[in-house]
Amino acid sequence: MNLAHLLARTARVFPEQPAVALGKSELYSYGEWFRRAATIAGGLRALPGLQTGDRVALFMANCPQYLELLYGIWHAGLVAVPINHKLHAREVAFIVDDSAAALLFVAGDLGEEERIWREKNPDLRIVSVDDAAYRRLTSTDPIAIVARAPDDLAWLFYTSGTTGQPKGVMLSQRNLLAMTLTYFPDVDQATPSNSILYAAPMSHGAGMYNFAHVLVGARHVVPESGGFDAQEILSLSRHFGQVSLFAAPTMVRRLVDHVADQDADCSGIKTIVYGGGPMYLEDIRRALDVLGDRLVQIYGQGESPMTITALSRRHLADRAHPRHRERIASVGVAHSVVEVVIADTDDQPLPAGTTGEVLVRGETVMQGYWRNPEATAATLRNGWLHTGDIGSLDADGFLTLKDRSKDVIISGGANIYPREVEEVLLRHAAVAEVSVVGRPNAEWGEEVVAFIVCQPGVSAPIAELDRLCLDSIARFKRPKDYIFVAALPRNNYGKVLKTALRRHWTQQGGNGS
Ligand code: AMP
């Protein structure tokens, strides 16, 4: 078993099918994609010292070479280590070192960054896809696909590391195949007339959706910007039609604003899969109004990539359902290949309606953390993946997430889920973004503090924010302090860094109370 067979199969069945485009320019067919992958594999295996199972890292913005390289790496029996291209050179050096990558592929010219990488990894081979070395690699003799076993490592996925150093999540060939096959029943149908548009980093979930689209022979479109640009996405969607894309909630919001402000035509978009972070109720409502029934939500984490639960287009569209509001605020139901339970601290399943930790088991759950048995043992216990997310299941199996367990605020012995308070504050017209965290307090343990970003040119009076909370949630959940900021600190995946917010008072030298 080797994921490279997915491409080989489609290339055999539909060799002429358009496969990869850069912007509106068609680059090559499936037959050609497979030939390129087989040649890259030949070039990689001709490098001295490279053995089956060795790691090859990729550090570049979305580009067409990403796709041929991924398949070249698997074809050669190697392991891909895709690295978020927005990471700092030192973070990249850490990942290259931790994964013991034999080779690092990059794009463009290297300057200072190369020096930093070499400081830690003096023997590292670095190949830029824009250099002659890459052209040589892609013009050697092709080789046959190297056989791999189902549990062999295919993708080493580094967590976003919102706390501490990133950890390498070991995803096997079997994990990724299961993730791919569950796309069709749980997320969306796909056909050869569809196109997948890479508007989010290929190093993350967006890149993992390549497999389902390779399997059906759909077109893969890489935006020329290499990233997320609402106007470009709409223009490419109108050009190709039947486009699917993965987008983080912040991207969906930008797309919705653009479509609403410009009255833009989004008919070329077939499906937007959103997830990777919380989408607030107000935002999803507006997205459904503005974009129509094009949305599907997934909830996953690197440790069970893209595959814990999904909220289908059908459920999002079923506005007449008596529990529609609760459902669109949920993350949907378990993917077909996993079991999801809510458990207490002893891993005992809790009844519907009870809040506890989300546990997952099944075919998509990682093999463990790379060279980190302690972290593996802490996360994979009693046969379950401990997600660190807190939530509850309803009687129909819909999961509602409350928050990450480490973000729960405990004040006077009561648990407060920041997201609940954030949802309320976001209802104020002047509030653009909000993040709620706990601040140490001598009397209560912790107290609720809200960081608020206002809409441009307006302010949100504290009395009105207080009133909104008093009208909607228990008194003890109301923020004791509001801190107005220009922007929320986010990591390179767009996730709010609550640890950075908490530093606000540690840096001020007191506990703020
Ligand atoms: P990562 O492994 O970096 O992709 O982060 C995964 C975490 O993001 C999960 O454990 C959740 O806390 C959060 N997350 C992912 N998808 C969703 C979603 N649809 N709604 C809310 N939070 C999500």
Side-chain angles (χ1 to χ4, degrees), residues 82-84 86-87 91 95 155-171 175 179 186-187 200-209 246-253 272-281 283-284 287 295-312 315-316 326-335 338 340 342 357-360 364-366 369-370 375 379 384-392 398-408 417-420 422-423 435 490-499:
I83 304 175
N84 181 345
K86 289 191 179 150
L87 292 190
E91 297 170 299
I95 293 174
W155 184 314
L156 199 49
F157 173 92
Y158 276 81
T159 57
S160 46
T162 46
T163 49
Q165 292 285 23
K167 296 188 284 288
V169 172
M170 296 193 286
L171 299 172
N175 287 151
M179 181 206 70
D186 299 321
V187 181
M202 285 170 159
S203 54
H204 220 70
M208 293 189 188
Y209 274 171
F246 173 78
T250 43
M251 297 174 180
V252 177
R253 220 169 140 176
I272 301 171
V273 183
Y274 66 95
M279 178 92 158
Y280 297 101
L281 186 59
D283 287 340
I284 182 62
L295 294 139
V296 178
Q297 184 184 194
I298 62 96
Y299 154 54
Q301 57 177 205
E303 292 80 349
S304 179
M306 311 298 269
T307 45
I308 301 178
T309 62
L311 181 63
S312 68
H315 286 125
L316 280 160
E326 287 82 358
R327 286 187 168 183
I328 65 172
S330 81
V331 290
V333 300
H335 266 76
V338 293
V340 176
I342 297 297
E357 186 174 7
V358 180
L359 308 190
V360 186
T364 51
V365 171
M366 66 163 179
Y369 294 112
W370 173 254
T379 307
W384 292 96
L385 165 68
H386 291 67
T387 62
D389 289 318
I390 303 293
S392 65
F398 285 77
L399 174 67
T400 300
L401 291 180
K402 307 277 185 205
D403 243 300
R404 302 279 304 157
S405 54
K406 62 180 167 43
D407 292 331
V408 173
Y417 299 103
R419 180 159 172 191
E420 191 187 355
E422 290 161 2
E423 295 267 13
S435 186
R490 291 181 186 272
N491 72 8
N492 288 309
Y493 297 95
K495 289 185 206 256
V496 175
L497 287 168
K498 295 209 173 196
T499 34

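All values derive from a computational prediction rather than experimental measurement. Note that ligands are numbered from 1 as they come in the structure, with each ligand's atoms numbered from 1 the same way.
- Contact annotation: Thr159 has no heavy atom less than 4.0 Å from any atom of ligand 1.
- Contacts of Met279 with ligand 1, taken as heavy-atom pairs under 4.0 Å, are absent altogether.
- Nearest protein neighbour of atom 3 (O) of ligand 1, counting heavy atoms only, is Ser160 OG, 3.1 Å.
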(request) Apply side chain to side chain contact (heavy atoms under 4.5 Å, CB included) to the pair Phe157 and Met170, showing each step before the final yes or no. (result) CA-CA 7 Å; Phe157 173 92; Met170 296 193 286; over 6 Å; no

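- Near Lys495, the atoms of ligand 1 lying under 4.0 angstrom from a non-hydrogen atom of the residue are 1 (P), 3 (O), 4 (O), 5 (O), 6 (C), 7 (C), 8 (O).
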(request) Using the side chain to side chain contact (heavy atoms under 4.5 Å, CB included) rule, take Ile342 and Leu399 through it: C-alpha gap first, then chi angles, then the decisive distance, then the call. (result) CA-CA 9 Å; Ile342 297 297; Leu399 174 67; 3.7 Å; yes

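- Nearest protein neighbour of atom 13 (C) of ligand 1, counting heavy atoms only, is Gly276 O, 3.9 Å.
- Side-chain contact, Glu303 with Tyr369: a donor N or O sits under 3.5 Å from an acceptor N or O.
- Under a 4.0 Å heavy-atom criterion, His204 is in contact with ligand 1.
- Interface atoms of ligand 1 facing Gln297, defined by a heavy-atom separation under 4.0 Å, are 18 (C), 19 (N), 20 (N).
- Of the protein's heavy atoms, Gln301 CB, 3.4 Å lies nearest to atom 6 (C) of ligand 1.
- For atom 15 (C) of ligand 1, the nearest non-hydrogen atom from the set Ser304, Pro305, Gly300 comes from Gly300.
- In this structure, the separation between CD1 on Ile284 and CG on Leu311 is 7.5 Å, given to the nearest 0.5 Å.
- Screening Asp407, Val358, Ile308 for a side chain to side chain contact (heavy atoms under 4.5 Å, CB included) with Asp389, the sole residue that qualifies is Val358.
- Taking only nitrogen or oxygen atoms, main chain and side chain alike, Arg404 reaches within less than 3.5 Å of ligand 1.
- What sits closest to atom 10 (O) of ligand 1 on the protein, heavy atoms only, is Asp389 OD2, 2.6 Å.
- Between Val187 and Val273 there is a side-chain heavy-atom pair separated by less than 4.5 Å.
- Of the N and O atoms on the side chains of Thr400 and Ser330, not one donor lies less than 3.5 Å from an acceptor on the other residue.
- The closest approach between Ile298 and ligand 1 falls below 4.0 Å for a heavy atom of the residue.
- Ring orientation note: the planes of Phe398 and His315 are nearly perpendicular, at an angle over 60° on the 30°/60° scale.
- Taking atom 20 (N) of ligand 1 as the reference point, the nearest protein heavy-atom neighbour is Gly277 O, 3.3 Å.
- For the atom pair CD1 (Ile95) and CD (Gln165), the distance works out to 9.0 Å, reported to the nearest 0.5 Å.
- In terms of protein heavy-atom proximity, atom 2 (O) of ligand 1 is nearest to Gly302 N, 2.9 Å.
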